[in-house]
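In what follows, a structure is listed as structure tokens, so that the remarks can point back to it.
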Amino acid sequence: MSKVALVTGAYGFVGRYVAQALSRAGYIVVGIGHGAWDRTEFSKFGISFWHSADVSLEALVSCARQPEVIVHCAGGGSVAFSLEKPFQDYQRTVSSTAAVLEYVRQYSPRSIVIYPSSAAVYGATKESPILEGASLQPVSPYGAHKLMAESLCRSYAKHFGIAVTIVRLFSVYGEGLRKQLLWDACWKVKNGESQFFGTGDEIRDWLHAEDAAALLCMAARHASPACLTANGGTGEGFAVRDILKAIFERSGITKPLSFSGESRAGDPSRYIADVSMASGWGWAPKVGIEEGIGRYTDWFWNSSQ
């Protein structure tokens with residue numbers, strides 16, 4: 001008999017990749033979240049049942065089917081949104097996490113919960129690579145709300161014995177991502193622009209969404225009331241300048257890059273994950289940066305014609 005997995009926020013970028021990975025692993029995947037999706041579309045991502053609704057306790061009771069695994073991908077998706085609409089970001093991230101955990105406590109205590117958090121919980125740390133035990137000092141409502149959601153996970157794991165794993169994702173990218181640096185860069189290339197914010201020397205740990213989804217699925221094997229926390233990155237850093245150069249070259253553009261030289265307050269110069277815990281689980285990223293950037297750039301040009 002097939003097992004059931006619930007993916008909250010399955011309409012979103014990471015959620016779609018997670019749903020596909022779980023489906024390929026043999027799960028019947030139920031999705032819930034915002035977005036109008038017909039069966040023809042959501043089935044492409046391995047989703048068998050889609051429920052367009054807020055992630056609330058009531059909605060989960062009506063559609064969740066007591067799943068073996070819940071991957072809670074729903075939540076706020078950007079620092080900018082959290083600064084513009086902090087209360088809505090709180091509701092999307094913190095309130096939805098409370099609803100998932102309370103659903104498990106009351107109605108499905110055998111469900112495993114996987115929470116994709118963010119490296120934003122570390123804030124402007126100078127540690128590199130960043131260990132999971134580093135100090136947590138988020139500098140945005142987005143990061144603060146992710147940290148609140150993590151605290152809820154630990155509380156429910158400790159007090160109610162719920163099996164949880166937290167994975168702090170670093171710079172996740174991949175085909176289908178329609179925001180952030182790579183998306184903006186491709187549009188600038190298309191519009192003949194070549195100036196970017198920052199210095200270009202900022203170092204980030206770029207993780208392809210396929211590898212992020214594989215790690216989140218593997219994290220289910222390590223879920224327990226101990227509520228382990230693992231970094232989701234590659235352990236390697238690449239400068240923004242080099243990423244942009246790769247996009248330009250893939251697009252056949254020879255125009256030189258330029259940068260504003262400005263830096264955002266609290267924005268660290270280096271953000272690289274220590275991935276010892278994930279590696280100890282037997283996980284390793286499979287999509288190299290050159291392949292990943294090439295795939296993303298090709299996807300953009302094919303989808304924007």
Side-chain angles (χ1 to χ4, degrees), residues 13-14 76-80 82-83 116-147 150 166-174 177 179-185 188 194-212 215-216 229-249 256-280 283-294 296:
F13 170 61
V14 172
S78 74
V79 170
S82 76
L83 289 166
S117 186
S118 168
V121 300
Y122 293 117
T125 181
K126 294 182 179 180
E127 187 174 321
S128 183
I130 303 172
L131 295 162
E132 289 90 352
S135 62
L136 306 177
Q137 300 177 351
V139 295
S140 67
Y142 171 80
H145 295 157
K146 289 290 188 183
L147 184 53
E150 286 192 14
I166 296 168
V167 178
R168 292 175 180 152
L169 298 174
F170 279 63
S171 297
V172 181
Y173 73 101
L177 182 62
K179 61 181 180 180
Q180 301 174 357
L181 178 68
L182 303 188
W183 177 251
D184 294 341
K188 285 193 174 185
S194 60
Q195 185 172 40
F196 294 87
F197 184 84
T199 66
D201 298 321
E202 298 87 356
I203 304 293
R204 296 292 180 265
D205 191 331
W206 304 88
L207 179 67
H208 194 275
E210 285 182 5
D211 291 325
L215 176 56
L216 289 166
T229 300
N231 283 330
T234 65
E236 294 185 271
F238 293 89
V240 166
R241 183 188 307 275
D242 293 331
I243 298 298
L244 296 175
K245 281 181 180 178
I247 291 173
F248 272 50
E249 290 173 4
L257 292 166
S258 62
F259 295 88
S260 68
E262 303 172 69
S263 296
R264 292 184 180 88
D267 201 10
S269 60
R270 296 176 65 85
Y271 237 41
I272 303 173
D274 182 292
V275 293
S276 300
M277 180 172 290
S279 297
W283 174 85
K286 294 182 179 179
V287 182
I289 191 68
E290 184 175 346
E291 177 191 348
I293 295 300
Y296 184 88

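One-based numbering along the sequence shown.
For Ala134, the side chain to side chain contact (heavy atoms under 4.5 Å, CB included) criterion is met by Tyr122, Glu127, Ile130, not counting sequence neighbours. With sequence neighbours excluded, no residue satisfies side chain to side chain donor-acceptor pair (under 3.5 Å) with Asp211. Here Glu210 pairs with Arg295 under the salt bridge (charged side-chain N to carboxylate O under 4.0 Å, His left out) rule; sequence neighbours left out. Residues that satisfy the side chain to side chain contact (heavy atoms under 4.5 Å, CB included) test with Ala80, not counting sequence neighbours, are Ser78. Among residues two or more places apart in sequence or in another chain, the ring-ring contact (aromatic ring centres under 6.0 Å, His included) test is passed with Phe13 by Tyr17. By the side chain to side chain donor-acceptor pair (under 3.5 Å) test, Thr234 is found to be paired with Asp205, residues two or more places apart in sequence or in another chain being considered.
The main-chain N or O of Thr229 is never found under 3.5 Å from a side-chain atom of Arg168 such that the two would form a donor-acceptor pair. For the pair Lys179 (side chain) and Gly77 (backbone), a donor-acceptor distance under 3.5 Å is present. The closest donor-acceptor contact from the side chain of Asp274 to the backbone of Pro129 lies at 3.5 Å or more, if one exists at all. No donor-acceptor pair closer than 3.5 Å links the side chain of Glu262 to the backbone N or O of Phe197. With hydrogens and angles ignored, the 3.5 Å screen pairs no side-chain donor or acceptor of Tyr142 with any backbone N or O of Ser118. Side-chain atoms of Glu202 come within 3.5 Å of backbone N or O of Gly200 as a donor-acceptor pair. Under the 3.5 Å distance criterion, the side-chain polar atoms of Ser117 are left unmatched by any main-chain donor or acceptor of Val167.
The two residues Gly233 and Ala273 come nearest to each other via the heavy atoms CA-CB, 4.1 Å. Summarising the geometry of Ser128 relative to Arg270, their closest heavy-atom pair is OG-NE, 3.5 Å, with the distance given to 0.1 Å. Residue Leu83 comes nearest to Pro141 through the heavy atom pair CD2-CD, 3.5 Å, listed as atom of the first residue, atom of the second, then distance. For the residue pair Gly143 and Val121, the shortest heavy atom distance occurs at O-CG1, 3.8 Å. Nearest heavy atoms, Gly235 versus Val275: N-CG1, 4.0 Å. For the residue pair Ile247 and Ala185, the shortest heavy atom distance occurs at CD1-CB, 4.0 Å.
Side-chain contact between Phe170 and Ile272: absent, with no pair of heavy atoms (C-beta onward) separated by less than 4.5 Å.
With values rounded to the nearest 0.5 angstrom, Lys188 atom NZ is found 10.0 Å from Leu257 atom CG. Taken from CD1 in Ile243 to CG in Leu181, the straight-line distance is 8.0 Å, to the nearest 0.5 Å. One distance of note links CG of Asn231 with CG of Leu169; it measures 9.5 Å at 0.5 Å rounding. Note: Arg204 CZ to Phe238 CZ = 14.0 Å, rounded to the nearest 0.5 Å. Note: Tyr296 OH to Ile289 CD1 = 12.5 Å, rounded to the nearest 0.5 Å.
A 6.0 Å sphere centred on CD of Glu291 holds more than 12 heavy atoms belonging to other residues, nucleotides or ligands. Around atom CZ of Arg241, more than 12 heavy atoms belonging to other residues, nucleotides or ligands sit under 6.0 Å away.
Using a 30° and 60° split on the angle between ring planes, Phe196 and Phe259 fall in the tilted class, from 30° to 60°.
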